[in-house]
Amino acid sequence: MVKYFCCGGLLKSNWDQVCVAFWQRYPNPYSNHVLTEDIIFREVTPTNCLISRRLLTKTSRAPRWMERYLPKHMASSAYIIEDSIVDPQKRTMTTLTWNISHARLMSVEERCKYQINPDNSSWTQIKREAWISSNIYGLSRAIQEFGLARFKTSVTKTMKGFEYVLAKMQGETPSRTLAETATERARETALAAKEKAKDLASQAHKKQYV
C-alpha cells in the first residue's frame with residue numbers, strides 16, 4: 001500500500017528567477033538538514049532541455065522506535081537522488097527525488113512541476129506530489145503516517161527557503177539572517193561517506209517524468 005499526497009504552491013517570482021533560485025537554494029536558514037549537494041551528471045538534450053542528477057546528503061533523525069531497524073551509522077543521515085529536467089520551450093521544470101538510503105524501511109518519492117501561473121505570468125506555480133511506502137510488516141501504516149507528517153513539515157520549510165533565496169537574488173532583505181547549514185564536523189563526516197553514495201546514485205535506475 002502506498003500513501004499519496006498532493007499539494008500546490010505559489011512563488012511570487014517569474015519562472016526564470018525560480019529556475020535560477022532552484023540551483024542556488026542551499027544553503028538557507030530553513031535547510032540546516034542539507035549537508036552536501038553534488039552533481040552526478042548533467043546534459044543538454046537535442047531539444048535543448050537541461051537534464052541533471054544530483055546527490056544530496058541530509059540529516060534525517062529517525063524516531064526512537066524506528067532506530068532499532070536501522071544500522072547505527074545510518075540512523076541520522078540519508079542520501080537523496082534528485083533528477084530534474086528544465087524545458088525552456090514549454091517553460092516547465094520537473095523534479096523527481098527519492099531516497100536511496102533506508103529505502104527498505106520507508107521510500108519517499110516526490111515529483112514537482114514548476115510552471116508559469118496562468119493568472120499571473122510574473123508568478124510561478126508548483127504542483128507537488130509524493131508517494132510514501134514501507135514494506136515493514138506490521139508497521140507499514142505507522143511508518144507511512146510518520147513519513148507523511150515529516151514530508152508536510154519539509155514542504156513548508158522548502159517553500160520558506162525558496163522565498164528566502166529569491167528575496168536575496170532580488171536585492172530584498174530576507175526575513176531571517178543566513179544560518180550555518182551544519183557544523184564543520186558534520187560536514188566532514190558526510191563528505192567521508194559521500195563517495196560510496198555517489199556510486200549508488202550513478203547506478204540507480206532513471207525515473208520517468210511522464
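Please read all numbers here as calculations on a predicted model, not as lab measurements.
- Atom CZ of R42 sits in a crowded spot, with more than 12 heavy atoms from other residues, nucleotides or ligands closer than 6.0 Å.
- Put simply, the side chain of L148 does not reach to within 4.5 Å of the side chain of Q144, judged on heavy atoms.
- Of the possible polar contacts, none joining the S84 side chain to the T95 backbone as a donor-acceptor pair under 3.5 Å is found.
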Original post:
Please walk me through it: do Q170 and S13 pass side-chain hydrogen bond (donor to acceptor under 3.5 Å, both in side chains)?
Top reply: CA-CA 9 Å; Q170 296 165 20; S13 297; 2.9 Å; yes
Subject >> Worked verdict on L11 versus L166 for side chain to side chain contact (heavy atoms under 4.5 Å, CB included) >> reply: CA-CA 9 Å; L11 293 168; L166 284 164; 4.2 Å; yes
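- Qualifying salt bridge (charged side-chain N to carboxylate O under 4.0 Å, His left out) partners for R25, counting only residues two or more places apart in sequence or in other chains: E82.
- Between K113 and T92, some side-chain heavy-atom pair lies under the 4.5 Å cut-off.
- To the nearest 0.5 Å, atom CZ of residue F151 and atom OG1 of residue T156 are 10.0 Å apart.
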Original post:
Between V20 and M169, does a side chain to side chain contact (heavy atoms under 4.5 Å, CB included) hold up when you go through it step by step?
Top reply: CA-CA 9 Å; V20 173; M169 284 175 48; 3.8 Å; yes
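- In this structure R91 satisfies the salt bridge (charged side-chain N to carboxylate O under 4.0 Å, His left out) test together with D16, sequence neighbours excluded.
- Put simply, the side chain of F41 does not reach to within 4.5 Å of the side chain of S52, judged on heavy atoms.
- Note that CD of Q115 is 9.0 Å distant from NZ of K127, once rounded to the nearest 0.5 Å.
- Two residues are said to be in side-chain contact when any heavy atoms from C-beta on lie closer than 4.5 Å; F5 and E129 fail this criterion.
- The aromatic rings of W131 and Y4 are tilted relative to each other, their planes meeting at an angle between 30° and 60°.
- Between the CE atom of M106 and the OG atom of S133 there is a distance of 9.0 Å, given to the nearest 0.5 Å.
- Under a cut-off of 6.0 angstrom, the local environment of CG in N120 is crowded, with over 12 non-hydrogen atoms contributed by other residues, nucleotides or ligands.
- For the atom pair CZ (R53) and CG (D38), the distance works out to 14.0 Å, reported to the nearest 0.5 Å.
- Nearest approach of S101 to A78, heavy atoms of both residues: OG-CA, 3.2 Å.
- Remark: side-chain polar atoms of S31 are paired, donor with acceptor, to backbone N or O of N28 under 3.5 angstrom.
- Side-chain contact between W98 and E110: absent, with no pair of heavy atoms (C-beta onward) separated by less than 4.5 Å.
- No donor-acceptor pair under 3.5 Å is formed between the side chain of S121 and the backbone N or O of N117.
- Side-chain atoms of Y164 and K160, non-hydrogen and from C-beta on, never get closer than 4.5 Å to each other.
- L10 is listed as a side-chain neighbour of W123, based on a closest heavy-atom distance under 4.5 Å.
- Of the possible polar contacts, none joining the T124 side chain to the V18 backbone as a donor-acceptor pair under 3.5 Å is found.
- Judged by distance alone, the side chain of S134 and the main-chain N or O of L105 form a donor-acceptor pair under 3.5 Å.
- Taking the ring axis of F22 as reference, the NZ or CZ atom of R54 stays within 45° of it and closer than 6.0 Å to the ring centre.
- Shortest non-hydrogen contact noted between Y30 and K157 is CB-O, 3.5 Å.
- To the nearest 0.5 angstrom, I80 atom CD1 is 9.0 Å from L55 atom CG.
- Looking at R128 and R111, their side chains never come closer than 4.5 Å, going by heavy atoms from C-beta outward.
- Using a distance-only test at 3.5 Å, with no hydrogens or angles considered, no donor-acceptor pair links the side chain of Q24 to the main chain of A21.
- In plain terms, the two heavy atoms of W15 and Y114 that are nearest each other are NE1-O, 3.4 Å.
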**OP:** Apply side-chain hydrogen bond (donor to acceptor under 3.5 Å, both in side chains) to T36 and T57, showing your working.
**Re:** CA-CA 5 Å; T36 64; T57 308; 2.7 Å; yes
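- The closest donor-acceptor contact from the side chain of T158 to the backbone of S154 lies under 3.5 Å.
- Rounded to the nearest 0.5 angstrom, L56 CG and N99 CG are separated by 12.0 Å.
- The shortest non-hydrogen separation linking L35 to N32 is CD2-O, 4.5 Å.
- In summary, K12 and E163 do not engage in a salt bridge, as defined by a charged side-chain N under 4.0 Å from a carboxylate O.
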